[in-house]
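Letters A, B, ... mirror the listed sequences (proteins, then strands); counts begin at 1.
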Amino acid sequence: MKSNPPMSDSVPRISIRDAAAHVGQSVEIAGWLYNLRRSGKICFPLLRDGAGIIQCVAVKSQLDEALFEALKDLTQESSLIVRGRIRAEQRAPGGFELDVEGAEILQRVPESDPYPITPKEHGVDFLMDHRHLWLRSRRQHAILGVRHEVIRAIRDYFDSNGFTLVDTPIFTPAACEGTTTLFEVDYFEGEKVYLTQSGQLYNEANAMAFGKVYCFGPTFRAEKSKTRRHLTEFWMVEPEMAYSNLEDVKRVAEELIVFVTGRVLERRRAELTELERDITKLEAIRAPFPRISYDEAVERLKQKGSEITWGGDFGGADETLLSEDYDRPVMVDRYPAQVKAFYFQPDDQRPEVVLGVDVLAPEGYGEIIGGGQRIHDLNLLLRRLEEHKLPREAFEWYLDLRKYGSVPHAGFGMGVERFVAWMCGLEHIRETIAYPRMIYRTRP
RNA sequence: UCCUCAGUAGCUCAAUGGUAGAGCAUUCGGCUGUUAACCGAAGGGUUGUAGGUUCGAGUCCUACCUGAGGAGCCA
């Protein structure tokens, strides 16, 4: 089989995305058979090329008989290259149609072993087992298109606002926060090493070198979590800024969310429509976001009937209760020190709370951002390490940052999959990544 | 780890303790504008596994396996 066989020297190969620009012209499209409807002497193959889907029309009287028969009996997801003329056609889904003049079938899927994902309903288990094929479906294609746009917009935002990308290691010798369960890697001799749960500590070092930095990579959490909001392996973007405080974190988080949401609305309308997303919900995402304190949040939750008491962290139901009062993300700050990691800077006025902020997405999508200001004083940091019973030796390099030109600094982490789930209005986070890794799902 | 629910044809699902069915997919036939096309016909089953109760179990009981939703924890 030729690697990229041209059917014709005279006809341009186009992407279905660009069909509108080729109306009236003969073109060639290389793709896969998405579906086929037929009616005796005419058939309508739907051709998918990875960028879009176009309906083709093959008429028996206008084609070589063998070719017509081959097209008419083509099986789902067979690969083929079609040549024909593009025409605007209201009856066709997408508005354009291709009148078939010729075709070359690269591989015909045998009917003895047909493509498993039919254009009918399927259950989650079956679809997840066929995730490698499920990605070809319209809905999954739309979600991953939005994911791509979200990631590109995140990078554009930081790149055009003075941040330098400095990625942090995946293998780390110690827990970042000393609390969550980690994946241990048995390879490095004489040393226990874990998969990263956050690039933050390294980010702080990088911020002292570059001023404003971000890292963007996979993160691993070994908690036995099993809910629609959790993945074992997920992607997180973490900015960190020197000479910055909690207010800077809130400002950047707000700007980032508004920017990324705007980009998705601007460039991925078709995908949002395919997903039947209520676009007005995203259009409401504008600055300023509401800002409330942890104290206020607890009071409000009590009024709404939550069992929460001051000093506890919010559960998933609490987050939904809080966010339902707003049409845009809500920022909750100044949490009790005991529910946050050791490195959070305490509030000068109230040492029992720390300068941390969580951003809760609307519509019950929960925490999409968590961050705050870090401790910059060496002695305070030493005390906190002791209080959390963390081994000083493992943090010597981290303590150096407080010895050599320590400055107030702050940053946050944003979970990409939760953000994408919110943008797309999904029930479950597992569809926001090509190959989700969950406690009971590691294949394909 | 705990709680709840579910496993029946390739897929989605039915079946009062009494002969395991339908739609889709596949095969064959029909149809020149279909829109998850439609119409007719055919093939397709160790009811998750192992025990138990019963004259009789897809259905009731026990254990296990697999999956889903949730809790805790988190982005």
Side-chain angles (χ1 to χ4, degrees), chain A residues 34-46 53 55-63 68 72-73 75-77 87 89-95 97 99 109-130 134 137-139 176-177 179-181 197-200 218-238 253 307 312-319 339-341 358-361 365-371 412-422 427-430 432-433 438-441:
Chain A
Y34 190 76
N35 197 4
L36 182 136
R37 291 181 281 267
R38 65 182 183 200
S39 170
K41 291 165 185 151
I42 185 169
C43 73
F44 302 89
L46 292 179
I53 295 175
Q55 174 165 290
C56 304
V57 190
V59 179
K60 187 174 187 177
S61 60
Q62 291 166 22
L63 285 175
F68 179 80
K72 180 170 78 71
D73 291 330
T75 44
Q76 197 187 351
E77 287 300 321
R87 180 164 46 74
E89 170 58 69
Q90 288 206 331
R91 286 173 292 185
E97 203 166 64
D99 288 318
V109 175
E111 39 275 286
S112 59
D113 188 10
Y115 186 71
I117 303 178
T118 63
K120 290 283 179 182
E121 287 170 27
H122 299 282
V124 170
D125 190 34
F126 176 81
L127 289 169
M128 290 303 298
D129 284 343
H130 295 85
W134 190 20
S137 303
R138 285 175 141 120
R139 185 178 163 79
C176 282
E177 326 213 337
T179 50
T180 41
T181 326
Q197 57 165 344
S198 166
Q200 195 219 304
T219 303
F220 307 87
R221 302 276 168 95
E223 284 106 5
K224 307 260 184 226
S225 283
K226 189 176 169 355
T227 78
R228 66 181 71 191
R229 295 186 303 278
H230 283 86
L231 292 171
T232 302
E233 174 185 317
F234 66 96
W235 285 67
M236 186 157 68
V237 59
E238 295 174 276
E307 306 264 300
D313 209 348
F314 305 131
D318 292 325
E319 291 180 352
V339 301
K340 292 291 177 187
D358 284 353
V359 181
L360 308 180
Y365 281 94
E367 184 184 345
I368 49 170
I369 281 179
F412 64 86
M414 182 169 89
V416 168
E417 287 77 14
R418 282 193 186 171
F419 196 95
V420 173
W422 169 42
E427 280 291 309
H428 200 298
I429 198 170
R430 65 187 156 216
T432 62
I433 187 166
M438 294 171 291
I439 176 137
Y440 296 125
R441 169 102 34 203

- prompt: What is the per-nucleotide protein-contact pattern of nucleotides 1-8 of chain B, from the 5' end, where B denotes a base atom under 4.0 Å from a protein heavy atom, S denotes such proximity for sugar-phosphate atoms only, and - denotes neither?
  reply: B-------
How far does [atom1] of [X] sit from [atom2] of [Y], to the nearest 0.5 angstrom?
{"X": "A/L63", "Y": "A/K41", "atom1": "CG", "atom2": "NZ", "value": "14.5 Å"}
{"X": "A/L36", "Y": "A/L46", "atom1": "CG", "atom2": "CG", "value": "7.5 Å"}
{"X": "A/M128", "Y": "A/W134", "atom1": "CE", "atom2": "CH2", "value": "6.0 Å"}

- prompt: Are A/H230 and B/G72 close enough that a side-chain N or O sits under 4.0 Å from OP1 or OP2?
  reply: no
On a whole-Å scale, what distance lies between the [atom1] atoms belonging to [N] and [M]?
{"N": "B/G72", "M": "B/A25", "atom1": "C1'", "value": "43 Å"}
{"N": "B/U1", "M": "B/C64", "atom1": "P", "value": "13 Å"}
{"N": "B/C74", "M": "B/C60", "atom1": "P", "value": "40 Å"}
{"N": "B/A57", "M": "B/U19", "atom1": "P", "value": "12 Å"}
{"N": "B/A14", "M": "B/G33", "atom1": "P", "value": "38 Å"}
{"N": "B/U59", "M": "B/G51", "atom1": "P", "value": "14 Å"}
{"N": "B/G58", "M": "B/G18", "atom1": "C1'", "value": "13 Å"}
{"N": "B/A6", "M": "B/G23", "atom1": "P", "value": "27 Å"}

query: With sequence neighbours excluded, what pairs up with A/Y115 under the ring-ring contact (aromatic ring centres under 6.0 Å, His included) test?
result: none
Can you tell me the pairing partner of [N] across any strand shown, Watson-Crick or G-U wobble, with both distances under 3.5 angstrom?
{"N": "B/C5", "value": "B/G67"}
{"N": "B/U16", "value": "none"}
{"N": "B/U62", "value": "B/A50"}
{"N": "B/A57", "value": "none"}
{"N": "B/C74", "value": "none"}
{"N": "B/U32", "value": "none"}
{"N": "B/A42", "value": "B/U26"}

Could you check whether [X] gets within reach of a base, just the sugar-phosphate, or nothing at all, counting any heavy atom under 4.0 Å?
{"X": "A/R441", "value": "sugar-phosphate"}
{"X": "A/H428", "value": "sugar-phosphate"}
{"X": "A/Q55", "value": "base"}
{"X": "A/E97", "value": "base"}
{"X": "A/P93", "value": "base"}
{"X": "A/R430", "value": "sugar-phosphate"}
{"X": "A/I369", "value": "sugar-phosphate"}
{"X": "A/R139", "value": "nothing"}
{"X": "A/M236", "value": "sugar-phosphate"}

message: So, using side-chain contact (heavy atoms from CB on, under 4.5 Å) as the criterion, who are the partners of A/E238 when residues are at least two apart?
response: A/S198, A/Q200, A/N203, A/C215, A/M236
message: I'd like to know if the side chain of A/R229 and the backbone of A/R418 have a donor-acceptor N/O pair within less than 3.5 Å.
response: no
How many Å lie between [atom1] on [X] and [atom2] on [N], as a whole number?
{"X": "A/F126", "N": "B/G48", "atom1": "CZ", "atom2": "C1'", "value": "17 Å"}
{"X": "A/R418", "N": "B/C73", "atom1": "CZ", "atom2": "P", "value": "13 Å"}
{"X": "A/D313", "N": "B/A71", "atom1": "CG", "atom2": "P", "value": "14 Å"}
{"X": "A/M128", "N": "B/U66", "atom1": "CE", "atom2": "P", "value": "17 Å"}
{"X": "A/E223", "N": "B/C73", "atom1": "CD", "atom2": "C1'", "value": "5 Å"}
{"X": "A/Q200", "N": "B/C74", "atom1": "CD", "atom2": "C1'", "value": "15 Å"}
{"X": "A/D99", "N": "B/G33", "atom1": "CG", "atom2": "P", "value": "15 Å"}
{"X": "A/Q197", "N": "B/C74", "atom1": "CD", "atom2": "P", "value": "10 Å"}

task: For A/E367, enumerate each residue passing the side chain to side chain donor-acceptor pair (under 3.5 Å) test, keeping only those at least two apart in sequence or located in another chain.
output: none
- request: Could you list the residues that satisfy side chain to side chain donor-acceptor pair (under 3.5 Å) with A/E77, not counting sequence neighbours?
  value: A/R48, A/R136
query: More 5' along RNA chain B: A/H122 or A/I429, using each one's nearest nucleotide?
result: A/H122
task: Would you please classify the geometry between the A/W422 ring and the A/F419 ring as parallel, tilted or perpendicular, with 30° and 60° separating the classes?
output: perpendicular
message: Any non-hydrogen side-chain atom of A/F234 less than 4.5 Å from a side-chain atom of A/I433?
response: no
- line: Nearest heavy-atom approach of A/T219 to A/Q197 is CG2-O, 3.1 Å
Under 3.5 Å between N/O atoms: give me all the protein pairs with nucleotides 23-32 of chain B, atom names plus distance.
residue: B/U27; atom: OP1; partner: A/E111; partner atom: OE1; Å: 2.5
residue: B/C31; atom: N3; partner: A/G40; partner atom: N; Å: 3.3
residue: B/C31; atom: N4; partner: A/G40; partner atom: N; Å: 3.4
residue: B/U32; atom: OP2; partner: A/K41; partner atom: N; Å: 3.4
residue: B/U32; atom: O4; partner: A/S61; partner atom: OG; Å: 3.4

- request: Considering only NZ, NE, NH1 and NH2 on the basic side and carboxylate oxygens on the acidic side, decide whether A/E223 and A/R221 come within less than 4.0 Å.
  value: no
